[in-house]
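This one's a predicted model, so the numbers in the text were calculated from it and none came from an experiment.
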Amino acid sequence: MDEHDPRFGALPNEDENETAADEEVLGAQIAAAGPRPPIPPEALAALAATARAALRAQGAPEKPIENAARTPRTSHGWRRAAVFAASAALLLAALGFGWFTFKSGPSSFQSGSVAAVVEQTTGRLEMEIGKGYWRQVVVGERLPKGVRLRTESGALAALRMAGGATVRVDALSRVQLLSAGALRLDRGALYADTGFEQPGGPALEVRTAFGTVRHVGTQFEVRWIDGGRPTVRVRVREGSVAVEGGGRSYRAAAGEEISVRSDGEVARAQVPGYGAGWEWMMDAAGGLEIEGQTLGQVLDRVQRETGWRVRFADSGVEAAARRIVLHGGVGALRPDQAAFAILPSAGFEGELEGGVLVVRVKTPS
């Protein structure tokens, strides 16, 4: 084909560096996914049946697939061949990709090219598979280093980094997984809990246009705020973080937020580690797992997710809570809601007082 033939229009002139980068990310995705299992015989049979149906619909005689290459190159022949090829390719893509996705479901970091695993999604989380091309990501999928992610309006996601940290992604966010311990935030917000990092593993860092956020054993949120003066805001719930950029370093401790603006101005404020500003990341986490755990273990999780402090009325109440084993589930209730559903069923009651959940034995009514 003449590339200047006016019937086909001008061919795109892609930037070679961007194309090479896309191919590198795609190669990493394939490596992270591992080998694809063979397509089952019943799937191949379905492919053949669909191809034959497409040929019949075009009035073409059924021929063995191996003879399709000898179809005369008439205009009708080309049309029938195109329909057959398109039908076969679409079904093969659907079968192959669906089977591949299902088989690669379990969370695993066996490949060194894997940066994170998807633990939970609410709404649509997408990954870039080529310049300007995106596809939906499913729970259990392993994400390669270098991949770019985005969430739509109302969509949330929870990731487990290969280094062990938990990361939640807010709606309307753009994030790139640079490595097992580094992310870049270009839009929206993310929340990180580094309490589960593996000893000796990479410490999580979040890079932005205005600097890098590094933690010291902490829970924190990084949010990109658009406006007249774009700002990166860091809120610390536990531990401390260092924000480094422009040759300067700023530290924020638990209960503080620090905002770095595009013009270099820095502002500080006090912020509670619980309340409405943190609810989105609990929505992203999904429901609490309680089956087989003690009430004490579940309350420990509630404390970490909500930012509350759990205080038992006395040592006897705490000892009892550490012995009671729970069964069942709480559905999609957030941790702050689930606590008040679980306590009465276990014979306890709770009262929230200024960010402190006081737990006591249930008083008979």
*Asks:* For Asp314, give me all partners under side chain to side chain donor-acceptor pair (under 3.5 Å), at least two apart in sequence or on another chain.
*Replies:* none
*Asks:* To the closest 0.5 Å, what do you measure between CD (Glu126) and CZ (Arg135)?
*Replies:* 10.0 Å
*Asks:* Between Arg174 and Glu128, is the closest basic N to carboxylate O distance under 4.0 Å?
*Replies:* no
*Asks:* Would you say that Leu190 contacts Val175 through its side chain, given a criterion of any heavy-atom pair below 4.5 Å between the two side chains?
*Replies:* yes
*Asks:* Say whether, by atom type as modelled, one donor and one acceptor occur between the side chain of Ser113 and the main chain of Pro144 under 3.5 angstrom.
*Replies:* no
*Asks:* Do Thr166 and Arg160 have a side chain donor and acceptor closer than 3.5 Å?
*Replies:* yes
*Asks:* Run Leu204 and Val167 through side chain to side chain contact (heavy atoms under 4.5 Å, CB included) and show every step you take.
*Replies:* CA-CA 10 Å; Leu204 187 72; Val167 171; 4.1 Å; yes
*Asks:* Anything under 30° is parallel, anything over 60° is perpendicular, the rest tilted; go ahead and classify Tyr191 against Trp280.
*Replies:* perpendicular
*Asks:* Are Trp134 and Leu159 linked, directly or through intermediate hydrophobic residues, by side-chain heavy-atom contacts shorter than 4.5 Å (ILVMFWY only)?
*Replies:* no
*Asks:* Quick check: is Leu343 connected to Leu352 through a chain of hydrophobic side chains (ILVMFWY, heavy atoms under 4.5 Å apart)?
*Replies:* yes
*Asks:* Kindly give the heavy-atom pair with the smallest separation between Arg268 and Ala252, and that separation in Å.
*Replies:* NH1-CA, 4.2 Å
*Asks:* Indicate yes or no: at least one non-hydrogen side-chain atom of Val266 is less than 4.5 angstrom from one of Val243.
*Replies:* no
*Asks:* Is Thr294 close to Leu326 at the side-chain level, that is, under 4.5 Å between some pair of heavy atoms?
*Replies:* no
*Asks:* Between the side chain of Arg334 and the main-chain N/O of Thr306, is any donor-acceptor distance below 3.5 Å?
*Replies:* no
*Asks:* Could you give me the CA-CA distance, side-chain angles and deciding distance for Phe312 and Leu299, then say whether side chain to side chain contact (heavy atoms under 4.5 Å, CB included) is met?
*Replies:* CA-CA 10 Å; Phe312 296 94; Leu299 290 175; 3.9 Å; yes
*Asks:* For Ala158 and Ala284, work out which heavy atoms get closest and say how close.
*Replies:* CB-O, 3.7 Å
*Asks:* Below 4.5 Å, heavy atoms only, C-beta onward: do Leu156 and Thr151 meet side chain to side chain?
*Replies:* no
*Asks:* Please round to the nearest 0.5 Å and tell me the distance separating atom CZ of Arg148 and atom CG of Leu177.
*Replies:* 10.5 Å
*Asks:* Can you confirm whether Pro335 sits close enough to Arg301 that some side-chain heavy atom of one is under 4.5 Å from a side-chain heavy atom of the other?
*Replies:* no
*Asks:* Are any non-hydrogen side-chain atoms of Tyr274 and Asp336 less than 4.5 angstrom apart?
*Replies:* no
*Asks:* Taking Ser262 for its side chain and Arg229 for its backbone only, find out whether a donor-acceptor pair lies under 3.5 Å.
*Replies:* no
*Asks:* Could you tell me whether Arg309 atom CZ has more than 12 heavy atoms of other residues or ligands within 6.0 Å of it?
*Replies:* no
*Asks:* Quick one: CD1 on Ile342 to CD1 on Ile290, what's the gap to the nearest 0.5 Å?
*Replies:* 4.5 Å
*Asks:* Taking the side chain from Trp278 and the backbone from Pro272, do they hold a donor-acceptor pair closer than 3.5 Å?
*Replies:* yes
*Asks:* Go through Val216 and Arg251 one step at a time and tell me if the side chain to side chain contact (heavy atoms under 4.5 Å, CB included) criterion holds.
*Replies:* CA-CA 10 Å; Val216 182; Arg251 186 173 289 269; 3.6 Å; yes
*Asks:* Work out which heavy atom in Phe210 is nearest to a heavy atom in Pro230; give both atom names and the distance.
*Replies:* CE1-O, 3.2 Å
*Asks:* Going by the rule side chain to side chain contact (heavy atoms under 4.5 Å, CB included), which residues pair with Ser249 if we only count those two or more places apart in sequence or in a different chain?
*Replies:* Ala242, Glu244
*Asks:* Between Val260 and Thr231, is a side chain to side chain contact (heavy atoms under 4.5 Å, CB included) present by the stated rule, with each step listed?
*Replies:* CA-CA 6 Å; Val260 182; Thr231 301; 5.9 Å; no
*Asks:* Membership question, hydrophobic clusters at under 4.5 Å side-chain separation (ILVMFWY): are Val137 and Met161 in the same one?
*Replies:* yes
*Asks:* Just verifying a value: how many Å separate Gln120 CD and Leu125 CG, rounded to the nearest 0.5 Å?
*Replies:* 11.5 Å
*Asks:* Give, for atom CZ of Arg235 and atom CD of Glu256, the distance between the pair rounded to the nearest 0.5 Å.
*Replies:* 13.0 Å
*Asks:* Looking only at non-hydrogen atoms, find the nearest pair between Ser173 and Val169 and report the distance.
*Replies:* CB-CG1, 3.7 Å
*Asks:* What I'd like to find out is whether the side chain of Arg311 reaches to under 4.5 Å of the side chain of Val358, using heavy atoms alone.
*Replies:* yes
*Asks:* May I ask you to decide whether Glu221 forms a salt bridge with Arg233, counting only side-chain N to carboxylate O separations under 4.0 Å?
*Replies:* yes
*Asks:* Taking all non-hydrogen atoms of both residues into account, name the closest pair between Gly146 and Gln176 and its distance.
*Replies:* O-NE2, 3.0 Å
*Asks:* Report yes if the side chains of Asp300 and Val310 come closer than 4.5 Å at any heavy-atom pair, otherwise no.
*Replies:* no
*Asks:* Hey, any chance Phe340 and Leu295 share a hydrophobic cluster, counting ILVMFWY side chains that come within less than 4.5 Å of each other, even indirectly?
*Replies:* yes
*Asks:* Which heavy-atom pair separates Thr194 from Phe220 by the least distance, and what is that distance?
*Replies:* CG2-CE2, 4.4 Å
*Asks:* Just do the salt bridge (charged side-chain N to carboxylate O under 4.0 Å, His left out) check on Arg360 and Glu351 with the steps written out, would you?
*Replies:* CA-CA 9 Å; Arg360 56 177 63 91; Glu351 183 178 1; 3.4 Å; yes
*Asks:* Is atom CD of Glu289 surrounded by more than 12 heavy atoms (other residues, nucleotides or ligands) closer than 6.0 Å?
*Replies:* no
*Asks:* Got more than 12 heavy atoms from elsewhere within 6.0 Å of CZ, Arg322?
*Replies:* yes
*Asks:* For the CG atom of Asp193 and the CZ atom of Arg168, what is their distance to the nearest 0.5 Å?
*Replies:* 7.0 Å
*Asks:* According to a hydrophobic-cluster definition based on side-chain heavy atoms being under 4.5 Å apart (Ile, Leu, Val, Met, Phe, Trp, Tyr only), do Val206 and Leu172 belong together?
*Replies:* no
*Asks:* Can a salt bridge be assigned to the pair Glu205 and Arg207 using a cut-off of 4.0 Å between side-chain N and carboxylate O?
*Replies:* yes
*Asks:* Quick test of your reading of the model: are Asp170 and Arg223 salt-bridged, counting only N-O distances below 4.0 Å?
*Replies:* yes
*Asks:* For Arg261, is there an ion pair with Asp263 - N to carboxylate O distance below 4.0 angstrom?
*Replies:* no
